K.L.:
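Before I ask anything, let me first share the structure, which is written out below as structure tokens.
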Amino acid sequence: MIVVMKLDHTPQEADAVMNRMTDFGLKGQPIHGAVRTVIAGLGQVVQDHRDEISMMSGVDEVIRVSKPYKLSSRETHPEDTVVKLSNGVKVGGGRPVFMAGPCSIETEEQLWEACTGVKKAGAHILRGGAYKPRSSPYSFQGLGVPGLKMLAAAGQELGMPVITECLSVRDVEAVAQYSDIIQIGARNMQNFVLLEEAGKTGKPVLLKRGLAGTIEEWLLASEYILSQNNPNVMLCERGIRTFETATRNTLDLNAIALVKRLSHLPVISDPSHGTGKWYLVKPMTLASIAVGADGFIIEVHPNPDHALSDGAQSLTPANFADMAEEARSLAAAVGRPFAEPPGALATAATA
Ligand code: PEP
Ligand code: MN
């Protein structure tokens with residue numbers, strides 16, 4: 001249930017509602033919106049609980065949440081969630097952003113070339129993997145902490161927030177220390193302990209949809225993060241496994257449009273993993289704008305032929321710049337122009 005507090009309720013009245021929820025064996029979680037405060041009552045709610053709480057002082061109304069995912073549902077939180085990052089970057093709320101950079105951080109030179117290239121082309125957030133979930137244990141596994149440090153330094157130098165994947169509970173602390181956003185990869189969408197630990201850091205979390213995750217399972221997975229009192233969750237559609245083998249995955253545009261309707265969380269599209277082919281990244285980015293994506297996570301490598309992972313789906317910085325230009329025109333044409341990117345390259349690079 002959602003308990004909507006009156007505009008002039010007192011902190012004591014909110015505490016009393018929380019305590020009553022505890023008496024009922026429920027978990028009370030306050031959600032402070034721009035205008036209203038609501039308290040979500042999580043657990044096995046019965047009609048008696050709703051009736052009793054609706055009579056308490058300071059309570060405006062009690063709403064039954066029909067969806068199994070409570071905190072991520074638009075029923076609980078009708079306005080879009082906006083995740084605020086460093087350097088004035090915001091994700092959600094109608095102005096799309098680009099997250100871009102290499103699949104894997106390989107060397108300082110490779111990372112710097114990719115990052116300066118995407119910055120120049122108007123990206124907002126830098127991406128780069130230091131822990132890589134590879135199908136084969138013999139493939140490049142990522143640089144680990146030295147890679148995290150390289151990404152953090154690039155972000156610092158260029159005045160941009162950074163995102164990187166956390167593969168395991170073992171690495172949550174290090175990833176939270178060096179990254180602005182913790183990425184949970186497709187293979188870990190239902191690693192519930194990892195979701196809770198990432199949520200507990202208080203850092204924004206980008207939750208990718210699992211290779212075979214249904215939309216309901218994906219939204220339920222987001223609850224594991226949100227229920228740690230961490231409202232800063234972004235969802236990422238990165239393609240699902242279907243019978244089709246001509247592309248690496250099938251980027252589910254239905255899911256982007258549907259999840260925007262079901263949930264208030266920002267939805268990011270990943271046309272790189274969604275297609276597996278660099279020349280499909282531009283058309284699927286444009287298509288994702290049309291269906292309402294709040295942003296894009298795109299793989300960029302200065303020399304895709306020599307990439308240690310995902311070269312076939314990586315854009316060169318020049319291809320990224322060309323794609324970004326077209327995406328900006330389309331987004332402006334449909335009335336949802338891209339957000340301003342943080343700071344100009346010249347100022348940041350010489351600072
Ligand atoms: C990645 O972003 O490089 C990655 C491994 O993504 P996914 O979890 O979507 O496969
Ligand atoms: Mn990749």
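Owing to the predicted nature of the structure, the values given are computational and were not obtained by experimental measurement.
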K.L.:
If you measure from CG on L258 to CG on L219, what distance do you get to the nearest 0.5 Å?
P.N.:
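It comes to 8.5 Å.
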K.L.:
Would you say V175 and V205 are hydrophobically clustered, going by side-chain heavy atoms of ILVMFWY under 4.5 Å?
P.N.:
yes
K.L.:
How long is the gap from CG on D15 to OG1 on T10, to the nearest 0.5 Å?
P.N.:
8.0 Å
K.L.:
Roughly how far apart are T164 OG1 and K132 NZ, rounded to 0.5 Å?
P.N.:
7.5 Å
K.L.:
Going by ring-ring contact (aromatic ring centres under 6.0 Å, His included), name the residues that satisfy it together with H273, two or more places apart in sequence or in a different chain.
P.N.:
none
K.L.:
Could you go through the side chain to side chain contact (heavy atoms under 4.5 Å, CB included) check for W112 and T107 one step at a time?
P.N.:
CA-CA 8 Å; W112 185 247; T107 64; over 6 Å; no
K.L.:
Starting at CG of L220, measure out to CD of E223 and round the result to the nearest 0.5 Å.
P.N.:
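Answer rounded to 0.5 Å: 6.5 Å.
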K.L.:
Do the side chain of E106 and the main chain of L308 share a donor and acceptor less than 3.5 angstrom apart?
P.N.:
yes
K.L.:
I'd like to know if the side chain of S309 pairs up with that of S104 as donor and acceptor (distance under 3.5 Å, no hydrogens or angles considered).
P.N.:
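Checked: S309/S104 side chains pair up, N/O donor to acceptor below 3.5 Å.
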K.L.:
Any donor and acceptor pair, going by atom type alone, linking the side chain of W218 with main-chain N or O of L207 inside 3.5 Å?
P.N.:
yes
K.L.:
What I'd like to find out is whether the side chain of I125 reaches to under 4.5 Å of the side chain of V91, using heavy atoms alone.
P.N.:
yes
K.L.:
A quick test of your reading: do over 12 heavy atoms of other residues, nucleotides or ligands sit less than 6.0 Å from NZ of K203?
P.N.:
yes
K.L.:
Do the side chain of S314 and the main chain of V300 share a donor and acceptor less than 3.5 angstrom apart?
P.N.:
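No; judged by distance alone, with no hydrogens or angles, the pair does not exist.
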K.L.:
According to a hydrophobic-cluster definition based on side-chain heavy atoms being under 4.5 Å apart (Ile, Leu, Val, Met, Phe, Trp, Tyr only), do L315 and F338 belong together?
P.N.:
yes
K.L.:
Are side-chain heavy atoms of S72 and V233 found at a separation under 4.5 Å?
P.N.:
no
K.L.:
Under the salt bridge (charged side-chain N to carboxylate O under 4.0 Å, His left out) test, which residues partner D23, sequence neighbours left out?
P.N.:
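Applying salt bridge (charged side-chain N to carboxylate O under 4.0 Å, His left out) to D23 gives R20.
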K.L.:
Do L26 and V65 belong together in a cluster built from hydrophobic side chains that touch within less than 4.5 Å?
P.N.:
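No; V65 is not reachable from L26 via cluster members.
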K.L.:
Within the supplied structure, the quantity of interest is the number of heavy atoms (other residues, nucleotides, ligands) at a distance under 6.0 Å from E244 CD; does it exceed 12?
P.N.:
yes
K.L.:
Could you tell me if Q313 and S272 have a donor-acceptor pair between their side chains, going purely by distance under 3.5 Å?
P.N.:
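The answer is no; no qualifying pair exists.
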K.L.:
Do H301 and Q110 pass the side chain to side chain contact (heavy atoms under 4.5 Å, CB included) test, and can you show the C-alpha distance, the side-chain angles, and the key distance before you say yes or no?
P.N.:
CA-CA 7 Å; H301 194 289; Q110 169 253 10; 3.5 Å; yes
K.L.:
Is the F98 ring parallel, tilted or perpendicular to the F296 ring (thresholds 30°, 60°)?
P.N.:
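Judged by the thresholds at 30° and 60°, the geometry between F98 and F296 is tilted.
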K.L.:
Where is the tightest heavy-atom contact between A154 and L111, given as atom of each residue plus distance?
P.N.:
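Shortest heavy-atom separation between A154 and L111 comes out as CB-CD2, 4.3 Å.
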K.L.:
Count the heavy atoms belonging to other residues, nucleotides or ligands that lie under 6.0 Å from NZ of K90, then report whether that count exceeds 12.
P.N.:
no
K.L.:
Side-chain contact, heavy-atom cut-off 4.5 Å: L85 with N87?
P.N.:
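Side-chain contact under 4.5 Å: no.
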K.L.:
If you apply the rule side chain to side chain contact (heavy atoms under 4.5 Å, CB included), what do you find for E326 with K282, and how did you get there?
P.N.:
CA-CA 8 Å; E326 224 169 294; K282 177 156 86 173; 2.8 Å; yes
K.L.:
S168 side chain to R170 main-chain N or O, any donor-acceptor pair under 3.5 Å?
P.N.:
yes
K.L.:
Holding to ring-ring contact (aromatic ring centres under 6.0 Å, His included), I want the full list of residues that pass it with Y178, two or more places apart in sequence or in another chain.
P.N.:
none
K.L.:
Between E61 and V3, is there a side-chain heavy-atom distance shorter than 4.5 Å?
P.N.:
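They are not in side-chain contact.
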K.L.:
State whether the side chain of D171 and the backbone N or O of A174 hold a donor-acceptor pair below 3.5 Å, judged by distance alone.
P.N.:
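Pair absent, no side-chain N/O of D171 close to backbone of A174.
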K.L.:
If I compare all heavy atoms of L251 with all of S288, which pair ends up nearest, and what's the gap?
P.N.:
CD2-OG, 3.9 Å
K.L.:
Can you confirm whether R134 is buried at CZ, in the sense that more than 12 heavy atoms of other residues, nucleotides or ligands lie under 6.0 Å from that atom?
P.N.:
yes
K.L.:
A quick test of your reading: do over 12 heavy atoms of other residues, nucleotides or ligands sit less than 6.0 Å from CD of E79?
P.N.:
yes
K.L.:
Heavy atoms only: give me the nearest R74-P78 pair and the separation to one decimal.
P.N.:
NH1-O, 2.8 Å
K.L.:
Which heavy atom of M5 sits nearest to which heavy atom of I39, and what is that distance?
P.N.:
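Scanning both residues completely, I find the closest heavy atoms to be SD-CD1, 4.0 Å.
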K.L.:
Report the residues that fulfil ring-ring contact (aromatic ring centres under 6.0 Å, His included) with F192, sequence neighbours left out, ordered by chain and then residue number.
P.N.:
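With neighbours one apart ignored, the set is Y224.
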K.L.:
For the residue pair P96 and G94, what are the closest heavy atoms and their distance?
P.N.:
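What the structure gives for the nearest pair is CD-O, 3.5 Å.
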K.L.:
Applying ring-ring contact (aromatic ring centres under 6.0 Å, His included), name anything that partners H9, two or more places apart in sequence or on another chain.
P.N.:
none
K.L.:
Measuring only between side-chain heavy atoms, which start at C-beta, is V4 closer than 4.5 Å to V59?
P.N.:
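Of all side-chain heavy-atom pairs linking V59 with V4, none is under 4.5 Å.
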K.L.:
Hey, quick one: are L195 and I181 part of the same hydrophobic cluster, counting side-chain heavy atoms closer than 4.5 Å, chains of contacts allowed?
P.N.:
no
K.L.:
Among all residues two or more places apart in sequence or in another chain, which pass the salt bridge (charged side-chain N to carboxylate O under 4.0 Å, His left out) test with D180?
P.N.:
none
K.L.:
State, to 0.1 Å, how close A339 and V97 come at their nearest heavy-atom pair, and which atoms those are.
P.N.:
CB-CG1, 4.0 Å
K.L.:
Given 3.5 Å as the limit, does a donor-acceptor pair link the side chain of E217 with the main chain of T214, or not?
P.N.:
yes
K.L.:
Within the side chain of S179, is there an N or O that forms a donor-acceptor pair under 3.5 Å with the backbone of I182?
P.N.:
no
K.L.:
Indicate if I31 and I225 have the same hydrophobic cluster label, given that clusters are the connected sets of ILVMFWY residues with side-chain heavy-atom separations under 4.5 angstrom.
P.N.:
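Yes: a chain of side-chain contacts under 4.5 Å links I31 to I225.
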K.L.:
Under 4.0 Å between a Lys/Arg side-chain N and an Asp/Glu carboxylate O for E299 and R127?
P.N.:
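Yes, this pair counts.
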K.L.:
Hey, does the side chain of Q141 reach the backbone of S139 with a donor-acceptor pair shorter than 3.5 angstrom?
P.N.:
yes
K.L.:
Donor-acceptor pair, distance only, cut-off 3.5 Å: does the side chain of Q29 make one with the backbone of G41?
P.N.:
no
K.L.:
Using the side chain to side chain contact (heavy atoms under 4.5 Å, CB included) rule, take M189 and I184 through it: C-alpha gap first, then chi angles, then the decisive distance, then the call.
P.N.:
CA-CA 7 Å; M189 183 194 86; I184 302 290; 5.8 Å; no
K.L.:
For a salt bridge (Lys or Arg N to Asp or Glu O under 4.0 Å) check, start with the C-alpha distance between R95 and D294, then their side-chain angles and the critical distance, and finish with the verdict.
P.N.:
CA-CA 7 Å; R95 309 247 347 233; D294 292 294; over 6 Å; no
K.L.:
Regarding T22 and N19, is there a side-chain donor-to-acceptor distance under 3.5 Å anywhere?
P.N.:
no
K.L.:
Mind checking whether M234 and V83 have side chains closer than 4.5 Å, heavy atoms only?
P.N.:
yes
K.L.:
Using modelled atom types and a 3.5 Å cut-off, is there a donor and acceptor pairing between side-chain atoms of E113 and backbone atoms of P317?
P.N.:
no
K.L.:
Output the distance between atom NZ (K67) and atom CG (L262), rounded to the nearest 0.5 Å.
P.N.:
6.0 Å
K.L.:
Would R248 and D310 pass as an ion pair if we require N to O under 4.0 Å?
P.N.:
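Result for this pair is yes, salt bridge flagged.
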K.L.:
So do the side chains of E75 and S66 get within less than 4.5 Å of each other, counting heavy atoms only?
P.N.:
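E75 reaches S66 side chain to side chain.
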K.L.:
Is there side-chain contact between R187 and L211, with heavy atoms separated by less than 4.5 Å?
P.N.:
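Yes, close enough: below the 4.5 Å cut-off.
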K.L.:
Can you confirm whether K27 is buried at NZ, in the sense that more than 12 heavy atoms of other residues, nucleotides or ligands lie under 6.0 Å from that atom?
P.N.:
yes
